[in-house]
Amino acid sequence: MGSKMKLALAVLCFASLYVSVAQADGGNFWDSFYCNFGDWMVRYPGDEQTSGKVVELGLDNSTGSGFRSKYPYLYGSLGMKMKLAAGNSAGVVTSFYLRSRYVNWCELDFEFLGNWTHEPVLLQTNVFSEGIGNREQRITLWFDPSEEYHYYGIVWNEKLIKFLIDDTVIRVFYNSVDLGIPYLDYQPMHVYSSLWEADDWATCGGKRKVDWAAAPFTASYKDFVTDACVVHPDYPNLDTCYDMLYTADYGNYTNTHLSEKEINDLKTVQYNYLTYDYCTDVTRYNVTPPECARNWPQYYSGQ
Ligand SMILES: *[C@@H]1O[C@H](CO)[C@@H](O)[C@H](O)[C@H]1NC(C)=O
Ligand SMILES: *[C@@H]1O[C@H](CO)[C@@H](O)[C@H](O)[C@H]1NC(C)=O
Ligand SMILES: *[C@@H]1O[C@H](CO)[C@@H](O)[C@H](O)[C@H]1NC(C)=O
């Protein structure tokens, strides 16, 4: 048996163990995800029966931790409720993102940049298509993300990508193939979450360092939503996912267009919460990237 084969078998056994546990529980987190690093920092609060419904990721001076979906998805509504580390979390980044495994990859990011106690945590979002990102936007949040769970999610279809906090759209990225920008429409992406140290850049440009005396830092996750087209990595059938756009909720009119409320949400975000936008960073781009006008609703309100 080749070593690749052995590895495949080991992975299979591991996966089936989790699947059977999950079925006994009537479906839980491990149906869809597995821990991909720092497993000794991952905790499952609650008793044996409910464990798997809530997952806590930890970070200490030895490692961060994270999880990844078992399968990649092409289009869908994907998200989860998260509660971030409380207190002084400067230098700590909590992320939720989708990413493909191609060389010229696609990626959709939520990155929460920690801060000193009572100082604002910033949410940075980014969009990579075919390996090119550089589309950062940062907002302050209108609530304390360490106090309660909030839903963070993505609606992704052939027309657009919406970034959501609870019911509020905070960012939209339209399909701009007509403007020469490759769209995220053929690379299935896995869902990831992680907690890690990034004190060389995350807080006040790297000036505020992690206070290790406050470790371990803990972020908590629950209520995973994966209404999405699952792509089997060994038998990728993308046509199924293209067809599903006609029947699934995430491909319907509500999800392929912005409502008046969502347009207003985006205006509120832009006027009140945006602290950085690559679209207006003239030192970086002396010509505004072409998708920018389309993605901000006072210039464009959908087709
Ligand atoms: C990490 O933290 C532990 C507990 O606070 C401490 O004993 C240890 O020396 C630290 N290790 C490093 C490499 O800083
Ligand atoms: C942290 O707090 C400082 C002071 O309020 C603020 O300038 C900064 O934008 C905050 N967030 C980050 C991630 O640096
Ligand atoms: C589309 O799907 C959403 C759920 O994402 C649902 O609430 C809505 O009623 C649907 N809209 C239409 C027009 O079918």
Side-chain angles (χ1 to χ4, degrees), residues 38 40-41 58-65 73 75-80 84-95 109-126 136-146 151-169 172 195-219 223-229 244-262 265 269 272-277 281 302:
W40 65 97
M41 292 301 291
L59 165 72
D60 71 6
N61 64 1
S62 68
T63 186
S65 51
Y73 305 93
Y75 301 134
S77 176
L78 297 143
M80 54 189 74
L84 307 190
N88 180 359
S89 62
V92 174
V93 175
T94 311
S95 65
D109 289 324
F110 281 84
E111 291 180 318
F112 298 88
L113 315 179
N115 216 334
W116 287 350
T117 310
H118 305 311
E119 298 281 4
V121 168
L122 295 184
L123 169 59
Q124 171 166 293
T125 56
N126 203 355
E136 294 88 352
Q137 285 173 359
R138 288 184 181 188
I139 62 170
T140 49
L141 300 172
W142 50 93
F143 53 86
D144 177 350
S146 68
Y151 176 79
Y152 303 98
I154 280 168
V155 170
W156 171 30
N157 52 51
E158 84 285 19
K159 271 265 180 96
L160 52 72
I161 294 158
K162 294 180 190 177
F163 289 72
L164 292 152
I165 300 180
D166 301 316
D167 292 327
T168 302
V169 175
V172 65
L195 191 60
W196 40 287
E197 177 207 332
D199 72 1
D200 54 331
W201 64 272
T203 312
C204 296
K207 289 197 198 82
R208 293 184 178 177
K209 300 298 179 188
V210 173
D211 173 17
W212 290 114
F217 302 95
T218 302
D223 297 345
F224 304 89
V225 173
T226 51
D227 177 20
C229 183
M244 269 179 72
L245 285 169
Y246 296 101
T247 52
D249 273 354
Y250 56 76
N252 79 14
Y253 186 87
T254 308
N255 288 304
T256 52
H257 293 74
L258 296 180
S259 64
E260 280 306 310
K261 178 201 173 286
E262 290 174 325
D265 286 348
V269 165
N272 298 334
Y273 301 112
L274 197 66
T275 66
Y276 175 81
D277 184 7
D281 186 343

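Along the sequence shown, residues carry numbers from 1. Quick caveat: nothing in here was measured; it's all calculated off a predicted structure. Whatever order the structure lists them in is the order used to number ligands and atoms, beginning at 1.
Per-atom contact check: atom 7 (O) of ligand 1 does not touch the protein, criterion being a heavy-atom distance below 4.0 Å. There is a protein heavy atom less than 4.0 angstrom from atom 3 (C) of ligand 1. Closer than 4.0 Å to atom 11 (N) of ligand 3 lies at least one heavy atom of the protein.
Residue Asn255 places at least one N or O, backbone or side chain, under 3.5 Å from an N or O of ligand 3. At a 3.5 angstrom cut-off on N or O pairs, Thr203 does not count as close to ligand 2. The distance criterion of under 3.5 Å between nitrogen or oxygen atoms is met by Pro120 with respect to ligand 2.
If you check the side chains of Ser146 and Asp144, you find a donor sitting under 3.5 Å from an acceptor.
Atoms of ligand 3 found under 4.0 Å from any heavy atom of Asn252, numbered from 1 in the order shown, are 1 (C), 2 (O), 3 (C), 8 (C), 10 (C), 11 (N), 12 (C), 14 (O). Near Thr254, meaning under 4.0 Å from one of its heavy atoms, ligand 3 places the atoms 1 (C), 8 (C), 10 (C), 11 (N), 12 (C), 13 (C).
Counting heavy atoms of neighbouring residues, nucleotides and ligands inside a 6.0 Å radius, atom CG of Asp167 does not exceed 12 of them.
If you look at Val155 next to ligand 3, there are no close heavy atoms at all, none under 4.0 Å.
Between Tyr250 and Tyr75, the ring center distance fails the sub-6.0 Å criterion.
Between Phe163 and Phe110, the ring planes are tilted. Angles from 30° to 60° get that label.
Closest to atom 1 (C) of ligand 1, if we only count protein heavy atoms, is Asn61 ND2, 1.5 Å.
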